[in-house]
Protein chains: 2
Amino acid sequence: MNLAPLDRESVIPLYYQIRERLLEQIRAGVFKPGQSLPSEQEIAEHFAVSRMTGRQALKSLRDLGVTYSVRGKGTFVSAIKLEKDFRQVTSFTEEMKARGIRPKSKVLFFEVVKADEETMNALQLKTRESVVSLRRIRFANTSPVGIEWSRIPQRICPDLLKTLDPQASLYETLAQRYGIKMAIADEIVEAGLARGEEAGLLGIAAKTPVFLFTRISYLQSGEAIEFVKSVYRGDRYKIVNRLTRLKA
Amino acid sequence: MNLAPLDRESVIPLYYQIRERLLEQIRAGVFKPGQSLPSEQEIAEHFAVSRMTGRQALKSLRDLGVTYSVRGKGTFVSAIKLEKDFRQVTSFTEEMKARGIRPKSKVLFFEVVKADEETMNALQLKTRESVVSLRRIRFANTSPVGIEWSRIPQRICPDLLKTLDPQASLYETLAQRYGIKMAIADEIVEAGLARGEEAGLLGIAAKTPVFLFTRISYLQSGEAIEFVKSVYRGDRYKIVNRLTRLKA
DNA sequence: GAGTGGTCTAGACCACTTT
DNA sequence: AAGTGGTCTAGACCACTCG
């Protein structure tokens, strides 16, 4: 074990500093998949912290899915890849960047409107309140891959029409200017065929296979924030998912 | 707060008992979304445990996604639904049952064969070892919805050909007889059109939209256990996903 | 029997929010 | 000032695995 000492003056918690040092060495291949990490006791001694603190560091690595522990044996590095190109609660922009692709957008519609029935239902709105409606064509490296239509209650982002650069990431703007962070999104994916208008906008023949997405995004509190309907080209877009077991 | 006392003789950990009691009351609506749960201190006093134990109970609820905590304010019930009809690392059988649908299967092929290139690659096999190859038509309430083709190294389930009832859940058999529990699965979903043989087996016209799944399932250790290629009817099957933020 | 992770205690100080 | 969750300590006993 060869790990740099902790900064006891830092505001960063000790367990977090330990976690980062271990993570670094896992990524660097010092601890390889299948191998065991230092035990809780060893970590406690090496960093001169209590065993509970060392344990918390190992626990947080488990929560990341990087390691797993077996009672009586130890904590081991998982061989499961950490890659980030799985779909998460992210915008198109973030997803494309994670895949090393340059995202671009063309705005078709960007206005404040009264919520329709479907939107009221999806966002759990009690009144027909105002929502920001944004419809964009999405490009990956200059070729069109999908059409996205987002609706967000105006109340939570009052001047979005002025502040959003439609080329930029909607999610980034919401996070930076309004402190809104999506925690979870539920989505339904259907397989269908491109219809006339869509096919035209996407530059494909009608009846080409497409994905139809219906997504609702939530804050950690459970408040519904965004309702999105999208159409993506089946010939240029693949869904990459990581499925996990439910904890309970 | 009105929570039954703990069983101090039980082998079930105290924090887990507390967690279950809180979960029960959340499900029963005693604690409603948006409302706060008892504080760590209150839990410690009420159950006569240390604050750390009460804290662990609340922490485990957060890990489930049922609640969230705000420093200085408290722990609150999330309004996000707990429903289990999201896709997880589950078999067709489990997924259908969770949706209240009767699953059925018809076996097309069930034999031990030498792994082909694609399977060797997917399952990280170093030699052309034997794999159990199982191809089935999947029915939901008597109508065909998909075709699944699984391959599993024979070495990890030596006599599967004899022990598996092809009507039963493959995953259940693997778990019960061989102690194999899938922890994670990575999948790619593509949109396509049904081809001749598939269309026939699924009872649909050629060129109907279909989902094409390619999935690899892993143990927690990262060992690849199952390689599956599937075709599902786009007109009768929808993908229901829950996306989350990566922890790191 | 030695080593491991899992649970638990009874304190402590801190940063933060609310009153 | 009082209450909250976040971190940390220095112990303890337990169940489990392995040689």
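Below, chains carry the letters A, B, ... as their sequence lines are ordered, and counting in each starts from 1.
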Looking at A/Thr75, does any N or O in its side chain come under 4.0 Å of the phosphate oxygens OP1/OP2 on C/dT4? no
For B/Arg8, the salt bridge (Lys or Arg N to Asp or Glu O under 4.0 Å) test, sequence neighbours excluded, returns none
Is atom CG of B/Asn2 surrounded by more than 12 heavy atoms (other residues, nucleotides or ligands) closer than 6.0 Å? no
Relative orientation of the end axes in the helix from C/dG1-D/dC18 to C/dT18-D/dA1, expressed as an angle to the nearest 10° (five pairs per end): 10°
Expressed as a whole number of angstroms, how long is the span from A/Arg55:CZ to C/dT4:C1'? 11 Å
Sequence neighbours left out, what passes ring-ring contact (aromatic ring centres under 6.0 Å, His included) with A/Tyr171? Give chain and number order. none
In terms of heavy-atom contacts, B/Met182 and B/Ser217 come closest through SD-CB, 3.7 Å
Residue list, side chain to side chain contact (heavy atoms under 4.5 Å, CB included) with B/Arg71, at least two apart or on another chain: none
I'd like to know if the side chain of A/Gln35 and the backbone of A/Lys32 have a donor-acceptor N/O pair within less than 3.5 Å. yes
Return yes if some donor-acceptor pair links the side-chain N/O of A/Arg128 with the main-chain N/O of A/Ala115 below 3.5 Å, else return no. yes
Atom pair distance, as rounded to whole Å: CD in A/Glu42 and P in C/dG5: 8 Å
Treating primed atoms plus P, OP1 and OP2 as sugar-phosphate and everything else as base, which nucleotides of nucleotides 14-19 of chain C get B, S or - for protein heavy atoms under 4.0 Å? -BBSS-
With A/Arg51, which of A/Glu45, A/Glu40, A/Glu42 fulfils salt bridge (charged side-chain N to carboxylate O under 4.0 Å, His left out)? A/Glu40
Report yes if at least one side-chain N or O of B/Ser39 is closer than 4.0 Å to OP1 or OP2 of D/dT4; otherwise report no. yes
Considering only nitrogen or oxygen atoms on both sides, find all protein atoms under 3.5 Å from nucleotides 8-12 of chain D and state each distance.
unit_1 : atom_1 : unit_2  : atom_2 : d
D/dC8  : OP1    : A/Leu14 : N      : 2.3
D/dC8  : OP2    : A/Leu14 : N      : 3.4
D/dC8  : OP2    : A/Tyr15 : N      : 3.1
D/dT9  : OP1    : A/Arg8  : NH2    : 3.4
D/dT9  : OP2    : A/Ser50 : N      : 2.9
D/dT9  : OP2    : A/Ser50 : OG     : 3.1
D/dT9  : OP2    : A/Thr53 : OG1    : 2.6
D/dA12 : N6     : A/Arg51 : NH1    : 3.3

Does any N or O in the side chain of B/Glu129 come within less than 3.5 Å of the main-chain N or O of B/Arg155, such that one atom is a donor and the other an acceptor? no
Is a donor from one side chain sitting under 3.5 angstrom from an acceptor on the other, for A/Arg215 and A/Ser230? no
